[in-house]
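Just below is one structure, and these are the notes that go with it.
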Amino acid sequence: AAPQANSAPDLVRRGFSADGPNRAWFADITYVRTHQGWPCLAVVMDIWSRKIVGWSMSARMTAELADGALRMAIVRRRPPGGCIHHSDHGSRYVSLLIGKTMREAGIGPSMGSIASPWDNAAMESLMGLVKAECVHARTFETRDQAALEIFDYIECFCNRVRTHSALGHLSPEEFEARHMEGAVKMAA
């Protein structure tokens with residue numbers, strides 16, 4: 001298949017690590033089951049610390065959904081120029097809206113191969129955990145209930161408590177705190 005007009009090169013090439021914060025962010029979208037329908041969850045993760053740095057939910061899978069998660073990440077992290085945003089080729093990620101947001105923030109787009117889940121395996125793994133540990137555990141009554149539960153899962157459990165073998169069995173926040181302590185000691 002020919003690449004889409006707004007597609008980006010694969011700058012990651014299945015390299016699911018970074019040598020510091022805000023160098024490579026990975027993004028994906030999934031559905032959430034509720035009795036009010038299937039809202040969508042968009043997530044942006046800093047691959048260096050495995051921390052979810054941005055996320056958003058919407059009743060529909062739109063460019064605004066993906067852009068909302070990216071904008072949250074930008075506000076929270078203030079990435080330096082050259083940060084990479086890696087995703088699949090979904091229409092949300094090739095939209096003019098998210099392209100404009102990336103350009104304004106100095107973020108470079110990166111996309112895996114079409115129809116190759118391995119090129120975004122880090123996000124496939126994260127979304128699998130979100131589904132197994134939070135989303136598939138129940139059917140939410142309302143979209144608001146789903147949003148509150150997912151907020152709690154991401155902000156209170158996933159980023160603060162859940163450990164990762166890739167981080168030496170630390171949580172993302174513990175990993176980042178140790179990095180900052182080390183940077184402060186080196187500067188002193």
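- Atom SG of Cys158 and atom CD1 of Ile52 lie 4.0 Å apart (nearest 0.5 Å).
- Within a 6.0 Å radius of OH in Tyr31, no more than 12 heavy atoms belonging to other residues, nucleotides or ligands are found.
- Remark: Arg103 engages no residue in a salt bridge (Lys or Arg N to Asp or Glu O under 4.0 Å) (not counting sequence neighbours).
- Under a hydrophobic-cluster definition in which Ile, Leu, Val, Met, Phe, Trp and Tyr are linked whenever side-chain heavy atoms come within less than 4.5 Å, directly or via other members, Trp25 and Leu97 are assigned to different clusters.
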Given the rule in the side-chain contact (heavy atoms from CB on, under 4.5 Å) test, do His164 and Leu170 qualify, once you have shown the distances and angles that lead to the verdict?
CA-CA 6 Å; His164 295 264; Leu170 298 172; over 6 Å; no
After noting the C-alpha distance and the side-chain angles of Val161 and Ser171, does the key distance pass the side-chain contact (heavy atoms from CB on, under 4.5 Å) rule?
CA-CA 5 Å; Val161 176; Ser171 73; 5.7 Å; no
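- Shown here are the ring-ring contact (aromatic ring centres under 6.0 Å, His included) partners of Phe175, two or more places apart in sequence or in another chain: Trp48.
- In this structure, Val43 and Val130 have side chains that are not in contact, with every pair of non-hydrogen atoms separated by 4.5 Å or more.
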Verdict with reasoning, Ile84 to Arg23, per side-chain contact (heavy atoms from CB on, under 4.5 Å):
CA-CA 6 Å; Ile84 293 169; Arg23 299 216 171 92; over 6 Å; no
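- A heavy-atom distance below 4.5 Å is found between the side chains of Leu41 and Trp55.
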Under 3.5 Å, which donor-acceptor pairs do the side chains of residues 145-153 form with other protein atoms, sequence neighbours left out?
unit_1 : atom_1 : unit_2 : atom_2 : d
Gln145 : OE1    : Glu141 : N      : 2.6
Tyr153 : OH     : Glu133 : OE1    : 2.5

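- Put simply, OG on Ser58 and CZ on Arg143 are 8.5 Å apart, with the number rounded to the nearest 0.5 Å.
- Looking at Val44 and Met72, their side chains never come closer than 4.5 Å, going by heavy atoms from C-beta outward.
- Within the structure, every pair that satisfies the side chain to side chain donor-acceptor pair (under 3.5 Å) test and touches residues 61-81, not counting sequence neighbours, is listed here: Asn22-Arg77, Asp46-Arg77, Thr62-Glu64, Asp67-Arg71, Asp67-Thr101, Arg71-Thr101, Arg76-Glu155, Arg77-Glu176.
- Counting heavy atoms from C-beta outward, Arg50 and Leu167 have side chains that approach closer than 4.5 Å.
- A search for side chain to side chain donor-acceptor pair (under 3.5 Å) contacts involving Thr30 returns Lys131, not counting sequence neighbours.
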Please determine whether side-chain hydrogen bond (donor to acceptor under 3.5 Å, both in side chains) holds for the pair Arg33 and Thr139, giving the CA-CA distance in whole Å, both sets of side-chain angles, and the decisive distance to 0.1 Å.
CA-CA 6 Å; Arg33 184 175 54 200; Thr139 299; 3.0 Å; yes
Check the pair Thr142 / Thr34 against side-chain contact (heavy atoms from CB on, under 4.5 Å), numbers first and verdict last.
CA-CA 6 Å; Thr142 66; Thr34 75; over 6 Å; no
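- Here the shortest heavy-atom pairing between Cys83 and Ala24 reads SG-N, 4.5 Å.
- Under the 4.5 Å side-chain heavy-atom criterion for grouping Ile, Leu, Val, Met, Phe, Trp and Tyr, Val75 is not connected to Met45 through any hydrophobic cluster.
- Residues satisfying the side chain to side chain donor-acceptor pair (under 3.5 Å) test with Thr163, not counting sequence neighbours, are none.
- Judged purely by atom type and a 3.5 angstrom limit, Arg92 has no side-chain atom pairing as donor or acceptor with the backbone of Leu65.
- Closest approach of Ala66 to Ala42, counting heavy atoms only: CA-CB, 4.2 Å.
- In this structure, Glu174 and Pro172 have side chains that are not in contact, with every pair of non-hydrogen atoms separated by 4.5 Å or more.
- Within the 4.5 Å cutoff, the side chain of Pro109 has no heavy atoms near those of the His85 side chain.
- Note that OG of Ser56 and CG of Leu70 are 9.5 Å apart. Values are rounded to the nearest 0.5 Å.
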